[in-house]
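First listed ligand is number 1; within each ligand, the first listed atom is number 1. Residue numbers start at 1 and run along the sequence shown.
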Amino acid sequence: MMHALLDHQRRLSDHDFARCMETDSSRADRFQVRLGSLVYYYAMNRITDQTLALLVALAHERKVAQQLKALFAGERLNTTENQSALHMAYRGHSLIPTSAVETVHAEKARLFALAERLHSKAYTDCLHIGIGGSDLGPKLLNQCFQGVHKPHIKMHFISTPDYQHLHQVLSDLNPATTLIIVASKSFTTAETIDNATWIKNNFHVPRDNWVAITAQPDAATSFGIPKENVLTIPSWVGGRYGIWSSMSLSAVLAFGTEAYQSFLDGGRLVDEHVLSAPLEANIPVLMALLGVWYRNAWGCQTHAILPYAKGLDPFVPFCQQLEMESLGKSSTLDGKPLLKTDTAPALWGGQGPDFQHAFGQALHQGSFWCPIDFIVPVDSAAPEGQVLQDRMVANAISQASILLTGASANEPSRQLTGNRPSNTLFIKQCDPFHCGALIALYEHKVFVQSVIWGINPFDQFGVEWGKQLARQLSSLKAPQKDLTLDATCQGLLSAARGV
Ligand code: F6P
């Protein structure tokens, strides 16, 4: 099927897709899918009906529907680590195995009880320490939920062991009234443990103010965190999927259980859709197939996400980890090198309309083009804000339109070539529910792409090697240890010591 797609792409290489919009009056209606208060509009892509038929045939050929069912049924699809990936259990679809449902039920009860106990202590601030999925998810919820809910506690996040940043954050905090959350599935991630250890030794917070979220509760208690303040997450919740679990304690504390539940409900809406909609009208499947189309048939090396909502600022880095840590792979599920197939494009982006005044120029006239996802909330949280929200929507629509239609002018410097494709996800509002739906859409998109490319989206061995080497190199002032390091490290170390 991939060969047929490549042939088809060659026939379309000079096609004018803005013209398709002009001449085909039903294209806009045909190429959109509505799901509750969300619309996925994909008419402005470099596609025809035949493209879609070929892409959907590819999905059937790779057994996408069967694999989605296997995922929800808890099959051990993370083959290199012999694990299931059942983060969807928090969202409650009926296909999830009973044992996982029971585990989640008990975990949620502990999460809510701890949140309630912590509330009664009237902390003013909460410092969340974590990195990767143990930081990006909680940070995203904190920013997104604030648009519609007033936080009960002031949140702060640190991820990198950067003393200047740490110092800046701590200088505003009172140790007596600050809650410290150490979020680490493994409880061995050097950056997180280094930051937590530094704070333990230098910022004298009462022992009771410490909380841990981890899959390794013994490591957390050995660190000194009281047992009753340790939330345990199951091993089948991958680091970059932790956002659904107790990893999001900070959001429950700051915004309450209802906001968290609404977030889970948004994810569940998408779960029900992905498992029941036919592939040709299935939003995550279409998102995945279009990604494959641009990556493998058009050779696009990047993909941009442009949310038109300040609350979704952290959505781009969140998706970067989700897509690039999951799909940045070069070996097949059966352990062979993946030859001649490109996988994850580099994912990047930024918030609209800010990007229009920054890198937008390159999107319109640069020497490269890439597919773009616009994410556009249509309603403001308050009626008096609608006039501004309308401006946001107008900006997003103008950008997508100009990218595809281009603009003619006498001087080349003023011309826009157009034919630059995009998808637009219209959501009703930037709130917990739609945040959950968006994340689940991208999660399933990533899973479907992994099925098409035949790779494991749930491991991340590329990251592990660097973690091990950094441990050996922990001190710049330990020359005797350098003997075990190779020439690349030796060279960089000697340069660093020259500063
Ligand atoms: O960067 C690799 C990684 O393993 C991510 O997958 C994970 O989100 C992050 O490190 C943090 O891991 P942990 O929660 O175990 O500290």
Side-chain angles (χ1 to χ4, degrees), residues 77-87 90 107 111 127-142 157-162 166 180-200 210-223 225 230-251 314-329 343-344 346-347 439 442-443 446-447 450 455-471 473-474:
L77 300 182
N78 180 356
T79 46
T80 50
E81 296 172 321
N82 191 28
Q83 277 281 5
S84 324
L86 276 171
H87 46 275
Y90 296 86
E107 185 191 325
L111 166 66
L127 175 61
H128 177 106
I129 312 169
I131 198 162
S134 303
D135 166 65
L136 295 164
K139 221 188 248 168
L140 168 59
L141 299 192
N142 181 56
F157 294 87
I158 53 168
S159 54
T160 54
D162 173 340
L166 180 64
I180 311 269
I181 299 180
V182 187
S184 175
K185 181 181 172 189
S186 61
F187 224 82
T188 56
T189 302
E191 295 87 340
T192 302
I193 302 304
D194 289 348
N195 273 327
T197 307
W198 194 97
I199 290 171
K200 188 164 86 168
W210 285 83
V211 169
I213 312 157
T214 183
Q216 302 298 333
D218 292 347
T221 47
S222 306
F223 181 86
I225 298 180
V230 177
L231 291 173
T232 308
I233 58 165
S235 58
W236 39 253
V237 177
R240 49 194 171 275
Y241 301 94
I243 192 167
W244 306 101
S245 73
S246 298
M247 275 296 167
S248 292
L249 166 67
S250 55
F315 189 67
V316 175
F318 178 88
C319 284
Q320 252 167 358
Q321 186 198 17
L322 175 62
E323 299 218 357
M324 295 173 77
E325 198 167 80
S326 302
L327 300 172
K329 309 282 165 68
T343 55
L347 194 130
I439 294 172
Y442 279 87
E443 279 180 1
V446 163
F447 177 71
S450 79
I455 58 180
N456 180 356
F458 299 117
D459 62 12
Q460 60 282 321
F461 291 108
V463 189
E464 308 298 343
W465 288 103
K467 281 187 177 175
Q468 282 176 28
L469 187 53
R471 253 176 244 140
L473 270 163
S474 58

Euclidean distance, Thr232 OG1 relative to Lys185 NZ, rounded to 0.5 Å:
12.5 Å
Determine whether Ser450 and Leu327 make a side-chain contact, defined as any pair of heavy atoms from C-beta on separated by less than 4.5 Å.
yes
Which of the numbered atoms in ligand 1 are under 4.0 angstrom from any heavy atom belonging to Gly132?
8 (O)
Nearest neighbour in protein (non-hydrogen) for atom 15 (O) of ligand 1:
Ser186 OG, 2.7 Å
Which ligand 1 atoms, with their elements, are less than 4.0 angstrom from a heavy-atom of Ser184?
13 (P), 14 (O), 15 (O), 16 (O)
For residues Phe315 and Tyr442, establish whether the separation of their ring centroids is below 6.0 Å.
yes
Shortest protein heavy-atom distance from atom 6 (O) of ligand 1, along with the residue and atom involved:
Glu325 OE1, 2.6 Å
Separation of Lys200 NZ from Phe223 CZ (nearest 0.5 Å)
4.5 Å
Nearest protein heavy atom with distance in Å, relative to atom 3 (C) of ligand 1
Lys467 NZ, 3.9 Å
Which of the atoms of ligand 1 are close to Ser134, meaning less than 4.0 Å from one of its heavy atoms?
13 (P), 14 (O)
Spacing of Ile180 atom CD1 and His128 atom NE2 [to the nearest 0.5 Å]:
11.5 Å
Between ligand 1 and Val463, is the shortest N or O to N or O distance under 3.5 Å?
no
Near Ile131 (heavy-atom distance under 4.0 Å), the atoms of ligand 1 are 9 (C), 11 (C)
In the structure I gave you, are the side-chain heavy atoms of Ser250 and Ile181 within less than 4.5 Å of one another anywhere?
yes
Run the numbers for me: atoms of ligand 1, each under 4.0 Å from some heavy atom of Gln321, listed by number.
5 (C), 6 (O), 7 (C), 8 (O)
Side chains of Asn456 and Phe461: closer than 4.5 Å at any heavy-atom pair?
no
Nearest non-hydrogen protein atom, atom 13 (P) of ligand 1
Thr189 OG1, 3.2 Å
Provide, to 0.1 Å, the distance between atom 8 (O) of ligand 1 and the closest protein heavy atom, together with that atom's residue and name.
Gly133 N, 2.7 Å
Heavy-atom pair of closest approach, residues Ile243 and Leu140:
CD1-CD2, 4.3 Å
Need the ligand 1 atom indices (1-based, order shown) with element for anything under 4.0 Å from a heavy-atom of Gly239.
8 (O)
